[in-house]
> 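The structure is given below, and queries will be raised subsequently.
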Number of protein chains: 2
Amino acid sequence: MTPRSPRPKDRGIPEATVARLPVYLRALQGMAERGTLTVSSEDLAAIAGVNSAKLRKDLSHLGSYGTRGVGYDVDYLVYQISRELGLTQDWTVAIAGVGNLGRALANYGGFGTRGFRIAALFDADGRVVGDEVAGLVVRHIDTLEDVVGSEDVSIGVIATPAVSAQGVCDRFVKAGVTSVLNFAPVVLSVPPAVDVRKVDLSIELQILAFHEQRKADGQAPPEAGWIDATEKT
Amino acid sequence: MTPRSPRPKDRGIPEATVARLPVYLRALQGMAERGTLTVSSEDLAAIAGVNSAKLRKDLSHLGSYGTRGVGYDVDYLVYQISRELGLTQDWTVAIAGVGNLGRALANYGGFGTRGFRIAALFDADGRVVGDEVAGLVVRHIDTLEDVVGSEDVSIGVIATPAVSAQGVCDRFVKAGVTSVLNFAPVVLSVPPAVDVRKVDLSIELQILAFHEQRKADGQAPPEAGWIDATEKT
DNA sequence: ACGCCCTTGTGAAAGTACGCACAAAGTAGG
DNA sequence: CCTACTTTGTGCGTACTTTCACAAGGGCGT
């Protein structure tokens, strides 16, 4: 029995699957723009750079949206994935730290093909406060609590130097932010109810260096062929 | 028996471990600077935000560098991890695309606490070519092959618009680059001998949105406590 | 209507990763 | 030297992930 939740839906999409849905979504949106109506798991998997069985299993977690013998309806699948990812509603984002990186993020057009609205930019440096970046006036970090509260920000992006990151994070969390995207090279501590994702340039480089060294050591002759980058993430 | 490779070492470090080593390394370097001589797996794990058993198992893949009853020698461990990650030698990096992001990357000081040297910046836009960014003169993308060859670049960073990414990647690869760090929102195709890692802002945001929606739906009361962010990567 | 062919959805197997719990090994104090 | 205490290194059970392989389902031509 174990009556678990109000909804009958299982609601147990594996994390690994969630991480791939955005990739599928992007591929599908590209196809939709080019006027493609349906796509097979084989073709979509090739574009997304994954195994087709994995793709089918991933999609099966959302429901049975394919048609045997035909494939998947592109538009319908775009809608279903968007809905599952929560992109049918808008999320409000605030960015703390308007250095080179913060600027790059603010100007990142579309910001994930809609679904995300940048509500505010914060910085602690008085020389930057008041500047206009990406159509927004940079505010002082001390106004963070006010703005996050009034704008109902749910996602905080941390693009500050490492030393300030935890402090800014704490303020975000206290102000009500429940998801944090961290670009600073530090491990953040947050309450369990808050999600943190980390993007760290130097970690990525170091992982590449590891494999690079491997290749240099006992240079195993690479098997021939040219495969889709199964970008190890 | 199975005499496999020249070196007796097993040389089979799990990918998940490799991805965490840089985190440990950073924590250890911080401790070293602060003068800490030894550290227990418990303490280091807390700082790195992981389970201590996992930390010990990770480190055990490099060898037995701890002392029971005492812990790990900080300096020694820094050295061992650095060596394993291939940071005892310098890797040469080239960045393609000098927009906001490329600039941010070029100026990212230390570039992973040494070990990486930026040899060149490339851009296709004539208005940017010739500018000085982070102490380097931006070169035209058409000189990519020459520079990559003469400077012996092994890691290529792609910070171009999505449409140019695959083309630039192909040129990098043809010129001899064997690792690629891709910031463009596309899946790159490369030969099997080339490693690709992807950093994708909108994917990260979409994953956060998914969890955000979860929380909003059936708002499961979060259990109390304040834990270290086990930053899901 | 029928049967062929194509593609999905999924059971089961294989491969990874995680974390507990404890024996082994070392330190320190008497 | 012996005992008490600390911390590593790892065996083992569990959970998650990936991949294979194929039965079931659905369209399309005749």
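Keep in mind that what you see is a predicted model, and the values were worked out from it rather than measured. Just so it is clear: chains get the letters A, B, ... in the order the sequence lines come, proteins before strands, and each one is counted from 1.
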> Send over the distance from B:Leu77 CG to D:dT7 P, rounded to a whole Å.
16 Å
> Under 3.5 Å, is there a donor-acceptor pair between the B:Asp200 and B:Ser202 side chains?
yes
> Going by heavy atoms in the side chains, are A:Leu188 and A:Val180 under 4.5 Å from each other?
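Yes - at least one pair of side-chain heavy atoms lies under 4.5 Å apart.
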> What's the CG-P distance between A:Leu59 and C:dT8, to the nearest Å?
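Whole-Å distance recorded here is 9 Å.
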> How long is the line joining CD of B:Glu42 and C1' of D:dG9, in whole Å?
14 Å
> Take A:Ala16 and B:Ser60, find for each the nucleotide of DNA chain D with the closest heavy atom, and name the residue whose nucleotide sits nearer the 5' end.
B:Ser60
> Using a 4.0 Å cut-off on protein heavy atoms (strictly under), produce a 5'-to-3' string for nucleotides 20-30 of chain D with B for base contact, S for backbone-only sugar-phosphate contact, and - for none.
BB--BBSS---
> Using whole Å, report how far CG of A:Leu44 lies from P of C:dG9.
12 Å
> Rounded to whole Å, please give me the gap between CG in B:Leu21 and P in C:dA17.
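After rounding, the gap between these two atoms is 13 Å.
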> Test B:Thr178 against A:Glu212 for side-chain hydrogen bond (donor to acceptor under 3.5 Å, both in side chains), laying out the working first.
CA-CA 7 Å; B:Thr178 44; A:Glu212 199 63 27; 2.2 Å; yes
> Counting side-chain heavy atoms from C-beta on, which of D:dT17, D:dT18, C:dT8 comes nearest to A:Arg20?
D:dT18
> Whole Å only: how far is the OH atom of A:Tyr65 from the C1' atom of C:dT7?
19 Å
> Kindly say if B:Tyr72 contacts the phosphate of C:dG26, meaning a side-chain N or O under 4.0 Å from OP1 or OP2.
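Result: no.
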> Between the side chains of A:Arg20 and A:Asp58, is the shortest nitrogen-to-carboxylate-oxygen separation below 4.0 Å, so that they form an ion pair?
yes
> Is there a side-chain hydrogen bond (donor to acceptor under 3.5 Å, both in side chains) between B:Arg83 and B:Gln80 once you walk through the steps?
CA-CA 5 Å; B:Arg83 196 177 49 75; B:Gln80 290 298 342; 2.6 Å; yes
> Could you give the distance from CG (A:Leu55) to OG (A:Ser41), rounded to the nearest 0.5 Å?
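Between A:Leu55 CG and A:Ser41 OG, I get 6.0 Å after rounding to 0.5 Å.
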> Are B:Lys198 and B:Ile203 side-chain neighbours, meaning at least one heavy-atom pair lies under 4.5 Å?
yes
> Within the structure, does a side-chain N or O atom of B:Ser40 lie under 4.0 Å from either OP1 or OP2 of D:dT7?
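So the side chain of B:Ser40 is outside the cut-off, no N or O lying under 4.0 Å from OP1 or OP2 of D:dT7.
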> Expressed as a whole number of angstroms, how long is the span from A:His61:NE2 to D:dT18:P?
11 Å
> What is the distance, to the nearest angstrom, from the CG atom on A:Leu55 to the C1' atom on C:dT10?
14 Å
